[in-house]
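First comes the structure, then the notes that go with it.
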Number of protein chains: 2
Amino acid sequence: MKKRAPEKPARRGTYRHGDLRRALLEAGVALAREGGPEAIVLREATRRAGVVPNAAYRHFASRDDLLQAVRSAALAELARAIEAELAKTRRAKTLEEDARGALRAVGRAYLRFALGESGLFRTAFATPEDLGLGPNPARSGQSGLNPFELLGSALDKFVSAGLLPPERRPGAEFLAWSAVHGFAMLILDGPLRPVPRAQLDAIGERVIAMVEKGL
Amino acid sequence: MKKRAPEKPARRGTYRHGDLRRALLEAGVALAREGGPEAIVLREATRRAGVVPNAAYRHFASRDDLLQAVRSAALAELARAIEAELAKTRRAKTLEEDARGALRAVGRAYLRFALGESGLFRTAFATPEDLGLGPNPARSGQSGLNPFELLGSALDKFVSAGLLPPERRPGAEFLAWSAVHGFAMLILDGPLRPVPRAQLDAIGERVIAMVEKGL
DNA sequence: GCGTCTTGTGGACAGTGTATACATATTCGC
DNA sequence: GCGAATATGTATACACTGTCCACAAGACGC
C-alpha cells in the first residue's frame, strides 16, 4: 500500500467519469433552461455532474466557453423546433400557399419557442464575451439545421412564388428575423410584459403579417 | 438645513457624501456605458464614489435595484436621442411626408443609439430579476419622454395622414418597435456580426421601410 | 513492465453581493 | 438651545463565484 493519501473523501464510485464533457454540457443546458444564461454557473454544473469544480477545466477553457457550448445547443434545439413545425405544414396546393405557410410556420415556431423555452432562447442569443471569434453559431451548422437557413429557404419559396422580387431577396432574412426576434425580446425583457398572453399571440400574428406584407 | 458645498470632493474627512445616491447612479451609468449591464458591479460603483461597499445599501436595496435605476436612466437617454432626432426633422409640407419623416427619424435614432451606445442600450433592455414589479420603465415616465410614446405619436401621424387605418392603430407600436429593436439586438448579440457596418446601415433602412409598408 | 499522457482532486486566492453590528453627522421635538 | 431620534457611512464577516497551481489516479503506447 504505497498510498499515503488518506481516502477520507467519499470516493463516488468511478474516478473516471466516462463522458464528463457531455455531462457538463447537459447540466449547462438544464441550468439554462431553468434560468437563462446567467443561471449557468460552472460550479453548479460540476456539482450536478458529481465532480469537483476544477474538473470542468479539462473540457472547457472557461465558464464562457461552456456558455458558448450551451448556446450552440440551444440554437440547435430552436432549429429542431422550427423544423418540427415545418414538417407539420407540408401540404399546400399553390406555390404561394406553400411559401406563406412556411414563413408563418417558422415565425410561429420561433415565437412559441421564445415564450415556452425562454431560458434556452435567451441563452441562444446571449451576448458573447469574445466578439467575433470563430464561426457564428447562429448561422453555421450543417445545412438546414440552423434557424437562419430554415428562414432562408422559406424566403426562397417567396421568390419562387413571385411574392418577393429576386433583387430584394439578399438580406431578406434579416428583415424577417428582426421583426420576430424583436417581438420575442420585447416580451422577455419586460417592455411588453403587462400585456396578457392571449393578446400577445394576436400581436405576434400581426408581426408575421407585417413581414409578409413589408418585405 | 444648510446645503453642503461640494468644494472638496472625495475628501477623506467628509463623512457625509452629500448626494451619494446620485453619485452611485452616475457611476452605474458610466459602467453600463462602458460594458453593458453585467459591467455594473456594486462594489465598483461605490469605489468610484469613494465610499465603502455597504454604503450603497442606504440608497439601493440591492445590486438589482441599482441596475433598474440605471436602466431607467438609459431609457431616458434613448428617449432624448430620439427627441433630438425628431427636432431636426420638423419641416414637412404634407401630412404624409411629416408622418414618414417622423417614423424614420425615430427608427434611425433608435438604431444609431443602439450601435453607438451599445452598453447603455443593452442595459436599457436588460432582463429584470423582479418580473412585473412596479411601473414599466420602458413605457412610463412623463408624457412624451419615453421611447414608447415617442414612437406612438409618430404612428398617430400615420393615421392622420391616412397611411394607417385607425382600426389597426392599437398595438401598432409593438409591430414597429419589434422590427427595429430586433434588428438592433441581432447586431449586438452576434448573429449579424460579420456583416460590415455600411451594409448594416442599408439593411436598417430596409427594416424601417418594411415597417412603413407592412404596418 | 514501465513511462507518459489524460483526467479528476485538493487547496488556495481574489472578487462579488449582502447581513449584522457599530459610529457619526443631521434633524427634530421640546 | 439641547438631547434624542434618525439618516448615513464604516467595519467586519460570510457564502459564493471563477480560476490558478500542484498533485494523484487511471489509461495507454511501447
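All values derive from a computational prediction rather than experimental measurement. Chain identifiers are assigned alphabetically (A, B, ...) following the order of the sequence lines, protein sequences preceding nucleic acid strands; residue numbering begins at 1 within each chain.
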Using 4.0 Å as the upper bound for N to carboxylate O, is an ion pair formed by B:E34 and B:R48?
yes
With sequence neighbours excluded, give me every salt bridge (charged side-chain N to carboxylate O under 4.0 Å, His left out) pair touching residues 102-111 of chain B.
B:R104-B:E205, B:R104-B:E212, B:R108-B:E205
Between A:E117 and A:R112, is the closest basic N to carboxylate O distance under 4.0 Å?
no
Would you mind telling me which residue lines up with the more 5' stretch of DNA chain D, A:N54 or A:R47, judged by nearest nucleotide?
A:R47
For atom CZ of B:R58 and atom P of C:dT24, their distance in whole Å
15 Å
Length of the line joining A:R63:CZ and D:dT17:P, which is rounded to integer Å
11 Å
Out of D:dT19, D:dG9, D:dC23, which nucleotide sits closest to the side chain of A:S62?
D:dT19
Ion pair present between A:R80 and A:E83, side-chain N to carboxylate O less than 4.0 angstrom?
no
Which nucleotide in C:dT9, D:dA11, C:dG17 has an atom nearest any side-chain atom of B:Y57
C:dG17
Whole Å only: how far is the CG atom of B:L66 from the P atom of C:dG17?
9 Å
Decide, yes or no, whether a salt bridge links A:R47 with A:E44 under the criterion of side-chain N to carboxylate O below 4.0 Å.
yes
Taken to the nearest whole Å, CZ/A:F60 to P/C:dT6 is 18 Å
Within residues 35-45 of chain B, those residues having any heavy atom closer than 4.0 Å to DNA chain C are B:V41, B:L42, B:R43
Using whole Å, report how far CG of B:D65 lies from P of C:dG17.
14 Å
For residues 174-183 of chain A, tabulate all N or O donor-acceptor pairs below 3.5 Å that involve a side-chain atom, not counting sequence neighbours.
residue: A:W177; atom: NE1; partner: A:Y110; partner atom: OH; Å: 2.8
residue: A:S178; atom: OG; partner: A:F174; partner atom: O; Å: 2.6
residue: A:H181; atom: ND1; partner: A:Y110; partner atom: OH; Å: 2.8

Starting from P on D:dT10, measure out to NE2 on B:H59 and report it in whole angstrom.
10 Å
